[in-house]
Structure formats: C-alpha cells, structure tokens
Protein chains: 2
Amino acid sequence: MDARSILLGFLMNRSMTGYELKKAFSISFSFFSGLSYGSIYPALGKMEKEGLIRMQAEMRKSGPNRKICTITAEGRKVFLETLKEPFAFEGTKSIFLTRLFFFAHLAPEERRSSAHRYFESVRQVEKTLQRARPEIEAKADRFQLLCYRFGLRFFEDLSRNIAQTVKALEKE
Amino acid sequence: MDARSILLGFLMNRSMTGYELKKAFSISFSFFSGLSYGSIYPALGKMEKEGLIRMQAEMRKSGPNRKICTITAEGRKVFLETLKEPFAFEGTKSIFLTRLFFFAHLAPEERRSSAHRYFESVRQVEKTLQRARPEIEAKADRFQLLCYRFGLRFFEDLSRNIAQTVKALEKE
DNA sequence: CAAACATATATCGTAACGATATATATCGTT
DNA sequence: AACGATATATATCGTTACGATATATGTTTG
C-alpha cells in the first residue's frame, strides 16, 4: 500500500490534519510503517485535487491555522477497493544483512562490535514496543492488536536470530 | 547502506558491468536487498564522475557493447569507511501489518482469504530460498553464509508468526 | 526461420525521504 | 518579565530509488 491508501485508511475513522496524521503513525504504527511530512502533504494535496478528500481551512485565533482533511464517498470507495486487492510478500531490506554480506572486509574486532551494537539497537526498539502496550491496548481494535502481538513476536524472533549470528561471529 | 556503497562492495572483489551487478543481486542477495537498473546505471554514472570507479567501454563484435566498471583506490577507501560506520535498526515496512491494521473494513471471509494468500506467498519465497542452498554454498564466503542462515531462520520465524495471526483470524 | 530468451545500457515519470523553512503558541525557568 | 525549549501546523526542495519502458544485438529452441 502506498502513502495515499494509508492516509485514506486513517481518515476512514475521523477527519484529521496532516500533523495529526503524522502523529497517528508514531503511536501504534511506527514499527512497521511510517510517513514523513515530505510524503504526507504532497499526497494530501493530490488526493484533494482528485476528490478523494476535502480540506477545510480553519482560521484560528489560538494556534496556527489548520487544514482539516475529510474523506469523501469516492475516497472511501477507492480505499476499500485497494484494501480488497490481494497482496504478496515484498522483499524486505535489511541493513544488518547488507552489512554482514561484506563483513570479510572488516577486522574481526570491528565485526563483533558492529554486530553487537546493532543487536543492542534492536533490543532497544523491542523494549520500546513492549512498553507501548497499555497505550496501544487502549486505542487499538481487534486487528490492530493482532498487529501489535505480531510485532512483539517479530522482535523476539529477530533478537534471537541476531544473537545467534553474533555468537557465530564471536567464536572465530 | 545506499545503492552506491552496495555497488562498490561488489566491485571490491572484481570488475563488473551494470548488467552483471544487477545479476549479482538476484542470486544470493535478493531476499534482503536489491537494486533495479533505474538505480544502478545512474549510481554508476555518478560514481565515475566522482572518481570512485572507472568505466572502460568495450566494443565487441559478438554481442552488445559493454562498460566494465572497476573500483579505484579512492572508491575502496570510501567503501571501507562506510562499512566501518556504526549502524542501527531501521524500521522495516510490512505490507502484511499495514493491511492487517485496516482489516476491520473487510468482511471476515475477505480477511481470512487475504491473510492466507499472503501466508502462501511467504512460504513460496521461503522454499525458493531453501532450494538456493547449493548455489549459495558454492559461492558465498563465511559471512555470506551467515546471511543465508539468518535468512532461513528469518523465514521460518516469519511463517510461524503469520500462521499464528491467520489462526487468530480463523476463529471469529 | 521465427519466436523467445539472454545480454547490455539508459532514461522517464513517479513516489518517498530527510532536511529545512516558516509561523504561532505554550510552558517552564531564571 | 524575558528567554529558550517544546508543541502545533503547513509546505517545499533536493535527492534517492523504483518500475516501466525503449533500444539493440546475439543465441537458443521449437
């Protein structure tokens, strides 16, 4: 799914500004998807032109002016069609494997420290996700909870997998 | 690592054409990284201008003309510097979780069939990777073998994780 | 002998990222 | 009261990368 479909997905529930859409990602969504403002605002602008959303400018006395985005009937239709399309595995890019692939060019000590530092960074993200549990459980629907649990297991597996690789690097 | 560093990494071992570089990906590298011609040729052109590689045009009587890329001393230096930089986890995008996140908008039967089809596509990639074993073991160095084994475990874990999610979708 | 496949390079439009610019409002602190 | 830091809010710019497409030659196969 491209940026536009994801934005439409969020707007299916309620109207939001570009800023709110960005925040929506950082809460429950960030560990498996994410969009920057450089993607959000151009996508919103295009979708308004195409009639998938409406944007109402709101002049406020308190705080900077906002543009509230509301999905149209056409937008809902397009989103649901996209969601119904079948989807298959997409090759995931791994910075760790890309680096490991060329590790022959590093000294043994550089390999070990580099891999270990990466392992720690993964553990850090894992812990952050674990701590987000109350926040996510308060807001998520049934399927978003499945996403969260998938994420927990994913990081558990990933940690174990990297640990095994680090171990293999250490006995050389 | 960006496209350029990966291309330099391959050129560390031997000189290659853009076409050969593309093929190098599809063998052992494709399941965790990959570049299209739309990335390769512009990146090679730029690196030649910057003096990281040399490109020798080869006029052949048999077959289309080629441009053989050779890494320079400066290119080797830049690659090794990049490889030595520390790296951390980068949020991985998952088409499965992005879809699952919005599954409330699908009918139960659509959810089940969609998730199951995705599961099958992952199994398919897993099997392809398993079958590539002899080919990879023949060419890979110690670290590239670690990449391969990481990949096998990764798909094993991923399959199990998706299967659990599919199971949760089925009992509703 | 034609079709299909493999070799080989290159560009175009589009999507997306990350950085940056701009502006207002609030909150804490000295 | 003044200051800096943080939060709210929109937008664009340069760059990277992808996927599709164009172009051309050579080889294999039905």
Side-chain angles (χ1 to χ4, degrees), chain A residues 1-8 10 15-27 29-30 32-50 52-69 82 87-88 90-95 98, chain B residues 1-8 10 15-27 29-30 32-50 52-53 55-69 82 88 90-95 98:
Chain A
M1 295 220 291
D2 58 352
R4 299 171 41 157
S5 304
I6 296 169
L7 294 173
L8 287 178
F10 278 111
S15 297
M16 292 164 97
T17 66
Y19 186 74
E20 284 176 309
L21 283 162
K22 172 81 170 115
K23 276 196 303 178
F25 278 100
S26 51
I27 299 167
F29 213 62
S30 62
F32 60 86
S33 196
L35 289 176
S36 68
Y37 290 121
S39 308
I40 291 173
Y41 286 110
L44 290 176
K46 222 174 226 181
M47 290 198 291
E48 196 197 16
K49 271 183 206 157
E50 293 169 23
L52 306 182
I53 62 168
R54 267 180 299 116
M55 286 169 84
Q56 313 160 242
E58 190 193 33
M59 303 298 175
R60 297 191 303 169
K61 283 164 195 167
S62 162
N65 296 335
R66 311 193 296 174
K67 288 184 180 174
I68 297 163
C69 304
T82 305
F87 59 99
E90 288 175 8
T92 170
K93 311 217 161 178
S94 165
I95 179 78
T98 306
Chain B
M1 294 221 289
D2 58 351
R4 301 172 40 158
S5 303
I6 296 169
L7 294 173
L8 287 178
F10 278 112
S15 297
M16 291 164 95
T17 66
Y19 186 73
E20 283 176 311
L21 282 162
K22 171 85 170 114
K23 275 196 305 178
F25 279 99
S26 50
I27 300 165
F29 213 62
S30 62
F32 61 85
S33 196
L35 290 177
S36 69
Y37 289 121
S39 308
I40 291 172
Y41 285 110
L44 289 176
K46 223 173 224 181
M47 289 198 289
E48 196 198 16
K49 270 182 208 158
E50 293 169 23
L52 306 182
I53 61 169
M55 286 169 86
Q56 313 161 239
E58 189 193 32
M59 304 298 175
R60 297 191 303 170
K61 285 162 193 170
S62 163
N65 295 335
R66 310 193 298 174
K67 287 185 181 175
I68 298 162
C69 304
T82 305
E90 289 174 7
T92 170
K93 310 216 162 178
S94 164
I95 178 80
T98 306

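The sequence lines fix the lettering, A, B, ..., with proteins before strands; numbering per chain opens at 1.
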Nearest-Å distance for atom pair [atom1]/[atom2], residues [X] and [N]:
X	N	atom1	atom2	result
Tyr19(B)	dT9(C)	OH	P	10 Å
Lys22(B)	dA8(C)	NZ	P	15 Å
Ile6(B)	dT16(D)	CD1	C1'	12 Å
Arg66(B)	dA6(C)	CZ	C1'	13 Å
Lys23(B)	dC5(C)	NZ	P	17 Å
Met16(B)	dT7(C)	CE	P	13 Å

Gap between atom [atom2] of [Y] and atom [atom1] of [X] - 0.5 Å precision:
X	Y	atom1	atom2	answer
Tyr37(B)	Leu21(B)	OH	CG	9.5 Å
Lys93(B)	Glu90(A)	NZ	CD	11.0 Å
Lys67(B)	Tyr41(B)	NZ	OH	9.0 Å
Glu20(A)	Ile68(A)	CD	CD1	7.5 Å
Ile95(A)	Thr92(B)	CD1	OG1	12.0 Å
Glu48(A)	Glu50(A)	CD	CD	11.0 Å

Nucleotides 10-22 of chain C: protein proximity per nucleotide (B base, S sugar-phosphate only, - neither; heavy atom, under 4.0 Å)
BB---SSBB----
Can you see which heavy atom on Cys69(A) is nearest to which on Met55(A), and at what distance?
SG-CG, 3.7 Å
How far apart are the closest heavy atoms of Ala43(B) and Leu7(B), and which atoms are they?
CB-CD1, 3.8 Å
Only one of Ile40(A), Leu52(A), Ile53(A) forms a side-chain contact (heavy atoms from CB on, under 4.5 Å) with Arg4(A), so which one is it?
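Single pass found, and it is Leu52(A).
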Are any of the side-chain heavy atoms of Thr82(B) and Leu8(B) separated by less than 4.5 Å?
no
Would a 4.5 Å heavy-atom cut-off, applied to side chains only, mark Leu35(B) and Lys22(B) as touching?
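When only atoms from C-beta onward are counted, Lys22(B) and Leu35(B) do not touch, as no gap falls below 4.5 Å.
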Go through DNA chain C and write down every stem, that is, every run of at least three consecutive Watson-Crick or G-U wobble pairs with distances under 3.5 Å, as range with range.
C:1-30 with D:1-30
Protein and nucleotides 26-28 of chain D: nitrogen or oxygen contacts under 3.5 angstrom:
residue: dG26(D); atom: OP1; partner: Lys61(B); partner atom: O; Å: 2.7

